[in-house]
Amino acid sequence: MRSPSPPLLAPYPPPIGQHFSFASFVMDKSVTHSFRSSLLDELEYATNSLIEGEAVMRRALGRLWQVISEDPDKRLDEERVIPKQEEQEDIEDEEDEQERRMARAPDLTPTAHKLFLVSYADNGPPVIDPSQFASPEMQQDSLEKSLATLRELQDDGREYVERLQEIRENLGDTRAQRNIIWEMVREKAVRELQDVAFSVAMD
């Protein structure tokens with residue numbers, strides 16, 4: 001049965017075995033496993049992978065917001081061929097004043113609605129079977145909820161990445177401190193063994 005993990009906060013339980021020399025400490029297999037384990041490297045690799053995965057999501061959402069911010073009608077107007085002045089005058093003669101004012105009025109429909117909602121031409125009947133689609137009100141409500149969820153996901157993802165970066169930094173600090181302690185203990189253990197060997201040689 002696996003032993004329980006040690007507590008994160010004091011009081012800490014006493015160690016099962018005590019070492020009275022650095023050499024004994026270094027030669028303990030459990031101590032060696034703790035200080036030489038690749039767990040911190042694996043955790044840092046996993047953290048980096050998660051951060052890179054969030055970067056892909058962030059780019060995809062950024063592209064979505066960019067597309068939504070571009071009015072498709074403006075692109076169509078830019079691609080549309082401007083008629084000659086004579087033809088334009090003929091068209092204006094045929095239109096009444098109210099239609100000209102409506103044509104000049106800006107379209108205040110949100111871009112997301114133009115891109116994602118199914119609209120009917122001139123408020124007429126749908127060209128396709130309406131039973132396959134929700135009503136315009138339900139479509140709009142579903143779209144707005146979906147976009148709000150995506151914005152929340154983007155905010156949560158940003159905070160998630162910040163926490164992951166903190167974890168990565170803490171892992172790096174922990175590994176650096178562990179290596180410093182291990183090198184110091186090894187040096188002292190080597191010194192102890194050299195002193196013991198010198199004493200035996202002198203005797």
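By convention here, the first residue in the shown sequence is residue 1.
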J.: Output yes when a side-chain donor or acceptor of Ser69 lies under 3.5 Å from a complementary backbone atom of Gln66, and no otherwise.
T.: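 Flag set: sc Ser69 to bb Gln66 pair under 3.5 Å.
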J.: Does any part of the side chain of Ile51, heavy atoms only, come nearer than 4.5 Å to the side chain of Tyr160, both counted from C-beta?
T.: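 No; the side chains remain at least 4.5 Å from each other.
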J.: Give, for atom CG of Leu153 and atom OG of Ser146, the distance between the pair rounded to the nearest 0.5 Å.
T.: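 Atom-to-atom, Leu153:CG and Ser146:OG are 12.0 Å apart.
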J.: Say whether Val190 and Trp182 are linked into one hydrophobic cluster, either directly or through other cluster members, by side-chain heavy-atom distances under 4.5 angstrom.
T.: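 No, Val190 and Trp182 fall in different hydrophobic clusters.
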J.: Say you draw a straight line from CZ of Arg175 to OG of Ser38; how long is it, rounded to the nearest 0.5 Å?
T.: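 Answer rounded to 0.5 Å: 11.0 Å.
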J.: Any idea which heavy atoms bring Glu192 and Ala23 closest together, and the distance?
T.: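 Shortest heavy-atom separation between Glu192 and Ala23 comes out as OE1-N, 3.0 Å.
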J.: Under a 3.5 Å cutoff, is there a donor and acceptor pairing between the side chains of Arg36 and Asn179?
T.: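 Yes, side-chain donor-acceptor contact under 3.5 Å.
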J.: Would you say CE of Met57 has more than 12 non-hydrogen atoms from neighbouring residues, nucleotides or ligands within 6.0 angstrom?
T.: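 Counting neighbours around CE of Met57, 12 or fewer heavy atoms of other residues, nucleotides or ligands fall under 6.0 Å, so no.
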J.: Would you call the rings of Phe25 and His19 parallel, tilted or perpendicular, where under 30° means parallel and over 60° means perpendicular?
T.: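 Answer is perpendicular, since the angle exceeds 60°.
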J.: Is the shortest heavy-atom distance from the side chain of Leu193 to the side chain of Phe22 under 4.5 Å?
T.: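 Counting from C-beta outward, Leu193 and Phe22 never come under 4.5 Å.
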J.: Using 4.0 Å as the upper bound for N to carboxylate O, is an ion pair formed by Glu162 and Arg158?
T.: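 The answer is no: the pair does not qualify as a salt bridge.
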J.: What I want to check is whether the side chains of Arg191 and Gln194 have a donor and an acceptor closer together than 3.5 Å.
T.: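 Not at all, the side chains of Arg191 and Gln194 share no donor-acceptor pair under 3.5 Å.
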J.: CZ of Arg186: more than 12 outside heavy atoms within 6.0 angstrom?
T.: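 No.
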J.: Atom CG in Leu143, atom NZ in Lys145: separation rounded to 0.5 Å?
T.: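 Output value for this atom pair is 12.0 Å.
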J.: Look only at the side chain of Thr32 and the backbone of Met27, and say whether a donor-acceptor pair between them is shorter than 3.5 Å.
T.: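 Absent.
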J.: Does any part of the side chain of Trp65, heavy atoms only, come nearer than 4.5 Å to the side chain of Leu150, both counted from C-beta?
T.: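 Yes - at least one pair of side-chain heavy atoms lies under 4.5 Å apart.
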J.: Does the side chain of Asn48 reach to within under 4.5 Å of the side chain of Glu44, using non-hydrogen atoms?
T.: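 Of all side-chain heavy-atom pairs linking Glu44 with Asn48, at least one is under 4.5 Å.
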J.: About how many Å separate CG of Leu61 and CZ of Arg58, when rounded to the nearest 0.5 Å?
T.: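 That separation rounds to 10.0 Å.
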J.: Is the closest side-chain heavy-atom distance between Leu147 and Ile68 below 4.5 Å?
T.: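 Side chain of Leu147 against side chain of Ile68, heavy atoms only: contact under 4.5 Å found.
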J.: To the nearest 0.5 Å, tell me how far Asp41 CG sits from Tyr45 OH.
T.: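 Nearest 0.5 Å value for the CG-OH distance: 12.5 Å.
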J.: To the closest 0.5 Å, what do you measure between CD (Glu54) and CG (Asp156)?
T.: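 So the gap between those two atoms works out to 10.0 Å.
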